[in-house]
Amino acid sequence: MAALGGGGRAVTLLRRGLVLGPAPRRYRYKKKWAATAPRVPSTRLALQSFDMNYGLQLKEAWPSVRVSLLCEQKYGALVNSFADADRVAQELELLNAVDFISGAAQKAQRLQQDSAVEQAGRGSASREAPGERWAVKQAETPPLLSAPITSNIRCYTFPRGDITRFRPARPDTLGILNYYLMDAASLLPVLALNVQPDDFVLDLCAAPGGKTLAILQTGFCGHLAANDVSISRTKRLHQILNSYVPKQIRETVCVTSWDGRNWGELEGGTFHKVLVDVPCTTDRHSVMEEDNNIFNRRRSKERQMLPMLQLQLLVKSSLRSLKKRFLRKLLLWRWKCPCDA
Ligand SMILES: C[S@@+](CC[C@H](N)C(=O)[O-])C[C@H]1O[C@@H](n2cnc3c(N)ncnc32)[C@H](O)[C@@H]1O
């Protein structure tokens with residue numbers, strides 16, 4: 001100790017351990033890199049993942065899809081046929097909103113007519129009877145695409161470029177709300193379902209219930225089963241049914257909270273049509289909100305398991321829940337699907 005020099009003071013310091021010894025416990029700290037490194041927000045992780053995946057899949061369409069994902073959502077107003085639907089439709093038309101479903105139906109009809117004329121023209125050049133090839137073509141077209149669009153569903157949107165917002169829905173004299181605000185694209189699977197009179201329909205992942213409500217708007221369901229594994233979200237589904245559907249119709253809907261993966265074993269071979277709106281990465285929510293974001297690092301396992309869950313819901317349950325006749329039709333259609341060509 002004396003070799004350090006500095007006399008008695010240095011010796012005292014050394015004795016107290018202030019010069020060479022370890023710092024007193026209260027001054028010691030441990031570097032915690034994980035805690036102190038800036039966290040990447042889940043919304044940014046979501047956007048990075050979409051840039052990588054959708055960029056590859058959608059190619060040049062991705063930038064415009066990306067912009068719309070990051071913009072404020074534009075809603076459609078699904079007219080409630082259980083309220084005074086004609087009056088509601090008139091009011092919406094006065095606001096300059098248009099029913100995109102009837103518009104699309106007219107467009108589809110025009111396209112079909114044009115295509116029929118074209119096919120007949122080509123057919124007459126060959127030895128086939130005029131229109132014969134068109135008939136064959138129609139028979140080959142998947143039923144989901146050739147089906148007429150269910151006219152009972154009306155959904156109004158403001159034209160492109162018009163960013164007016166719909167006012168919140170209002171109740172009629174019986175307390176039934178006049179329209180339901182939803183992403184207009186969410187109606188497409190319901191239209192593709194092409195519900196026919198007395199069909200038994202299963203909505204396997206139904207909550208909060210926008211598509212369940214749209215299925216009921218067709219007025220065709222013989223029986224509707226609406227299921228969702230989440231009890232809290234099933235409560236929202238009940239609230240929507242209470243606000244939009246009269247009691248006598250509401251009571252015909254069977255609402256359950258089962259794990260949809262087991263449905264095929266519970267009620268196999270029962271339904272004509274099954275809608276499976278599988279849990280997904282909720283893209284718009286994921287790029288906009290930190291709360292309950294599936295791209296949060298703590299939820300990565302759940303996110304990685306999503307494709308497996310989706311597959312199980314689709315294959316293990318939904319296909320098994322279909323009546324055999326409809327399953328055969330679906331498989332046959334898949335086998336001949338023109339998009340494979
Ligand atoms: C995309 S949302 C459905 C939205 C709904 N179809 C609508 O139009 O309002 C997916 C739903 O799947 C549900 N879900 C997740 N796992 C499920 C499972 N194993 N069985 C049934 N439902 C499940 C979630 O609770 C969630 O409500």
Side-chain angles (χ1 to χ4, degrees), residues 46 50 69 73-80 101 150 153 155 157 169 177 179-193 195 201-218 221 224-245 250 253-268 270-271 273-289 291-296 299 301-322:
F50 297 158
L69 262 188
Q73 186 168 4
K74 193 172 168 180
Y75 286 98
L78 172 68
V79 176
N80 187 6
I101 298 172
T150 317
I153 300 181
C155 183
T157 51
L177 292 179
Y179 52 70
Y180 180 77
L181 295 181
M182 66 193 299
D183 187 336
S186 293
L187 273 182
L188 300 181
V190 179
L191 297 173
L193 210 56
V195 181
V201 182
L202 165 63
D203 188 355
L204 193 64
C205 304
K211 295 185 190 73
T212 315
L213 182 62
I215 292 171
L216 284 171
Q217 299 298 314
T218 63
C221 273
L224 177 60
N227 175 70
D228 198 286
V229 74
S230 153
I231 292 178
S232 59
R233 285 171 71 90
T234 311
K235 278 189 191 148
R236 271 284 292 146
L237 170 66
H238 274 295
Q239 279 168 4
I240 285 178
L241 291 178
N242 289 342
S243 314
Y244 285 88
V245 184
R250 212 161 59 216
V253 183
C254 172
V255 180
T256 49
S257 265
W258 294 343
D259 185 332
R261 285 173 289 188
N262 303 328
W263 195 289
E265 289 150 32
L266 295 165
E267 279 196 60
T270 313
F271 296 92
K273 310 270 164 76
V274 181
L275 183 82
V276 202
D277 192 7
V278 286
C280 61
T281 44
T282 52
D283 298 354
R284 186 184 291 277
H285 177 87
S286 296
V287 295
M288 299 296 259
E289 302 273 341
D291 250 11
N292 197 22
N293 193 313
I294 194 150
F295 283 84
N296 187 307
R299 295 182 70 187
K301 189 92 198 137
E302 184 189 342
R303 199 175 71 247
Q304 282 158 12
M305 291 310 288
L306 267 181
M308 179 54 82
L309 174 59
Q310 295 172 342
L311 200 70
Q312 286 173 329
L313 286 167
L314 191 66
V315 178
K316 196 171 154 225
S317 276
S318 313
L319 291 180
R320 283 198 198 167
S321 313
L322 278 172

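Indexing begins at 1, ligand by ligand and atom by atom, following the structure's order. Keep in mind it's a predicted model, so treat the numbers as computed, not measured.
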Val278 contact mode with ligand 1 (heavy-atom cut-off under 4.0 Å): backbone
Considering all heavy atoms, the nearest Arg261-Leu313 contact: N-CD2, 3.6 Å
Rounded distance (nearest 0.5 Å) linking atom CG of Leu204 with atom OG of Ser318: 5.0 Å
4.0 Å heavy-atom contact, Asp203 with ligand 1: no
Asp259: numbered ligand 1 atoms lying under 4.0 Å from its heavy atoms: 18 (C), 19 (N), 20 (N)
Under 3.5 Å: donor-acceptor pair, side chain of Thr234, backbone of Ser257: no
Geometric class of the Trp263/Trp258 ring pair [parallel <30°, tilted 30-60°, perpendicular >60°]: tilted
Ligand-side contact atoms (ligand 1) for residue partner Gly209, heavy atom cut-off under 4.0 Å: 7 (C), 9 (O)
Residue and atom name of the nearest protein heavy atom (relative to atom 2 (S) of ligand 1), distance in Å to one decimal: Arg233 NH2, 3.7 Å
Proximal ligand 1 atoms for Gly260, defined as those under 4.0 Å from one of its heavy atoms: 18 (C), 19 (N), 20 (N), 21 (C)
Side-chain heavy atoms of Leu275 within contact of Lys211, under 4.5 Å: yes
Main-chain N/O of Arg233 paired to Ser230 side chain as donor or acceptor, under 3.5 Å: yes
Shortest protein contact, atom 14 (N) of ligand 1 (heavy atom only): Val229 CG1, 3.7 Å
Protein heavy atom at shortest distance from atom 13 (C) of ligand 1: Asp228 OD2, 3.3 Å
From Asp203 atom CG to Thr212 atom OG1, the distance as rounded to the nearest 0.5 Å: 4.0 Å
Element-labelled atoms of ligand 1 that are located less than 4.0 Å from some non-hydrogen atom of Ser230: 25 (O)
Nearest-contact summary for atom 12 (O) of ligand 1 - protein heavy atom, Å: Cys205 CB, 3.3 Å
Contact check: Ala207 vs ligand 1, nitrogen or oxygen atoms, below 3.5 angstrom: yes
Leu309, any N or O under 3.5 Å of ligand 1 N or O: no
Taking atom 15 (C) of ligand 1 as the reference point, the nearest protein heavy atom with its distance: Pro279 CG, 3.4 Å
Backbone N/O of Ser321 and side chain of Thr270: donor-acceptor pair under 3.5 Å: no
Residue pair Ile153 / Ala214: nearest heavy atoms and the distance that separates them: CD1-O, 3.7 Å
Atoms in ligand 1 flagged as close to Ala206, the criterion being non-hydrogen separation under 4.0 Å: 5 (C), 6 (N), 7 (C), 9 (O)
Heavy-atom gap Ser186 to ligand 1 smaller than 4.0 Å: no
Atom 10 (C) of ligand 1: the protein heavy-atom neighbour that sits closest, reported with distance to 0.1 Å: Asp277 O, 3.4 Å
Geometric class of the Tyr180/Tyr244 ring pair [parallel <30°, tilted 30-60°, perpendicular >60°]: perpendicular
Separation between CG of Asn293 and CZ of Arg303, rounded to the nearest 0.5 Å: 9.0 Å
Ligand 1 contacted by Cys280 (non-hydrogen, < 4.0 Å): no
